[in-house]
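Just so we're on the same page: letters track the sequence lines, and every chain starts at 1.
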There are 2 protein chains.
Amino acid sequence: MSPIERHKKEKGDLRRIILSAAREIFLEKGFDQTSMRTIAQNIGYSATTIYLYFKDKDAILYALHKDGFDILSRQMEVLIHVEDPFERIKAMGRLYLHFANEHHDYYDLMFVQKAPMDSLNGEHETWKEGQSSFDALRFSIQECMDKKLLLFKDADAGAYLVWSTMHGMCTLYDRGRCKVLDEEKRDLIVDLAFNEFISLLEAFRA
Amino acid sequence: MSPIERHKKEKGDLRRIILSAAREIFLEKGFDQTSMRTIAQNIGYSATTIYLYFKDKDAILYALHKDGFDILSRQMEVLIHVEDPFERIKAMGRLYLHFANEHHDYYDLMFVQKAPMDSLNGEHETWKEGQSSFDALRFSIQECMDKKLLLFKDADAGAYLVWSTMHGMCTLYDRGRCKVLDEEKRDLIVDLAFNEFISLLEAFRA
DNA sequence: TTTTTTATATTAACAGTGTTAATTAACTTT
DNA sequence: AAAGTTAATTAACACTGTTAATATAAAAAA
């Protein structure tokens, strides 16, 4: 299919075409190896055309990072049916770890890379994708606090703490810092540590 | 001072000269903005000369990441005088957070960036800098376990958990994910969350 | 229908990146 | 003095994100 045919056929929403191509390459070759030129070549356009639809590369990354949140949110949604807030938090944690392990390029964009965040640095811009995820966590933390299942003093701090722990486990592992552990222990350390964390939380009640 | 004079004067250990120049620029302009050419220009050599002393850029980053561990280790050393292992862990945690905040470019190299790790991927190469830091943490964790101050089942998992929590707090903050919090709370969230974590650990004893 | 305007896409170019190969300059050894 | 060795250099490759100027197509106005 020649570029011209392509244009005719899929005209109308080049922005989306760029995004889906970017996503495809991004997921296959990783974030660093995805250049503007490779994206452009893949959809039969020149590299500079992309700049008519996105301010810069960061803007694409920001748009893609939303995809990650879509996946994560959809997975998290089903957990509202878990009535016990503590069990819900446990499930959220496990799901978070699983997501990070499954979609670790998206995870990188969502929670590690600076680039997507820079794209919303219009001072008053808020990070609504991350916000709603965090709010969901904080809500469950607050519910645990109300029911004396967790003795946090501050719901924000508690939620941030739980999030940090999950995030830390994911990233230390992903960035190869597990080298400090015996080789046979490395692959299950996240599970082991998660279980220890749950034990820790379970001991933190009135 | 002309390049020639410079050569005469500091001859003998160009490797070290490269490193100290790299460190200087690195700490000033950050890791991403430090290119081979800027390092070279700074010491009056051509960029390719660096490749006579370092395999590639990652090798420089690996060498620099050691500096970070030197600083951190030296600071941690004094804590062996804290006799109560639980208090020692608390102090280690605080110090870790402080270090990450103070030297956050080094921290990036030590615990976030993939580059330095890739440089020791000669299969059987071990990460001795990180190892000894982790061992120190695990030792104190084990001591707490022995004294029933912490009910972890596995010292490695416990140490990894504590480390992860600290690391997670640092990196989420550093990478701008604090945007989910009220503006006035953002700057003290690490302290708040750390205190919650200590409370959590304190409740985890026999 | 022809001309003008507008939107879209392209080429050329800039200023950079890490890195390799070939080459020159300097110092040792024979 | 000639040959060999080491150290540093220049030139070049194949990239990167991005901007300005240019061409092409479609739509609107004449």
*With heavy atoms under 4.0 Å as the rule, sort B/Thr34 into base, sugar-phosphate or nothing.*
sugar-phosphate

*asked:* By the 4.0 Å heavy-atom rule, please label A/Ser35 as base, sugar-phosphate, or nothing.
replied: sugar-phosphate

*Could you tell me whether the side chain of B/Arg175 and the main chain of A/Gln113 form a donor-acceptor pair under 3.5 Å?*
no

What is the separation between atom [atom1] on [X] and atom [atom2] on [N], rounded to the nearest whole Å?
X: B/Asp58; N: C/dT19; atom1: CG; atom2: P; result: 7 Å
X: A/Ile50; N: D/dT19; atom1: CD1; atom2: C1'; result: 15 Å
X: A/Leu52; N: D/dT19; atom1: CG; atom2: P; result: 12 Å
X: A/Arg15; N: C/dA7; atom1: CZ; atom2: C1'; result: 18 Å
X: A/Gln33; N: D/dA14; atom1: CD; atom2: P; result: 17 Å
X: A/Gln41; N: D/dA14; atom1: CD; atom2: P; result: 15 Å
X: A/Leu61; N: D/dG17; atom1: CG; atom2: P; result: 10 Å
X: B/Leu14; N: D/dA7; atom1: CG; atom2: P; result: 10 Å

*asked:* I'd like to know if B/Arg37 reaches the base of C/dG18 with its side chain, counting only an N/O donor and acceptor under 3.5 Å.
replied: yes

_Residues B/Tyr173 and B/Asp187: side-chain donor-acceptor under 3.5 angstrom_ = yes

Of all the nucleotides listed ([options]), which has the minimum atom distance to the side chain of [X]?
X: B/Asp56; options: C/dT19, C/dT10, D/dT18; answer: C/dT19
X: A/Tyr45; options: D/dT19, C/dG18, C/dA9; answer: C/dA9
X: A/Thr48; options: C/dA9, D/dA12, C/dT10; answer: C/dT10
X: B/Tyr53; options: D/dT18, D/dA8, D/dT10; answer: D/dA8

*asked:* Just so I know, are the side chains of A/Met169 and A/Phe197 near enough to count as touching, which here means a heavy-atom distance under 4.5 Å?
replied: no

_Please compare A/Thr49 and B/Lys57 by the position of their nearest nucleotide in DNA chain C and report the one closer to 5'._
A/Thr49

*Keeping to residues at least two apart or across chains, list the side-chain hydrogen bond (donor to acceptor under 3.5 Å, both in side chains) pairs with something in residues 19-37 of chain A.*
A/Arg23-A/Asp67, A/Ser35-A/Thr38

*Is the charged tip of A/Lys57 near the ring of A/Phe26: under 6.0 Å from the six-membered ring centre and within 45° of its axis?*
no

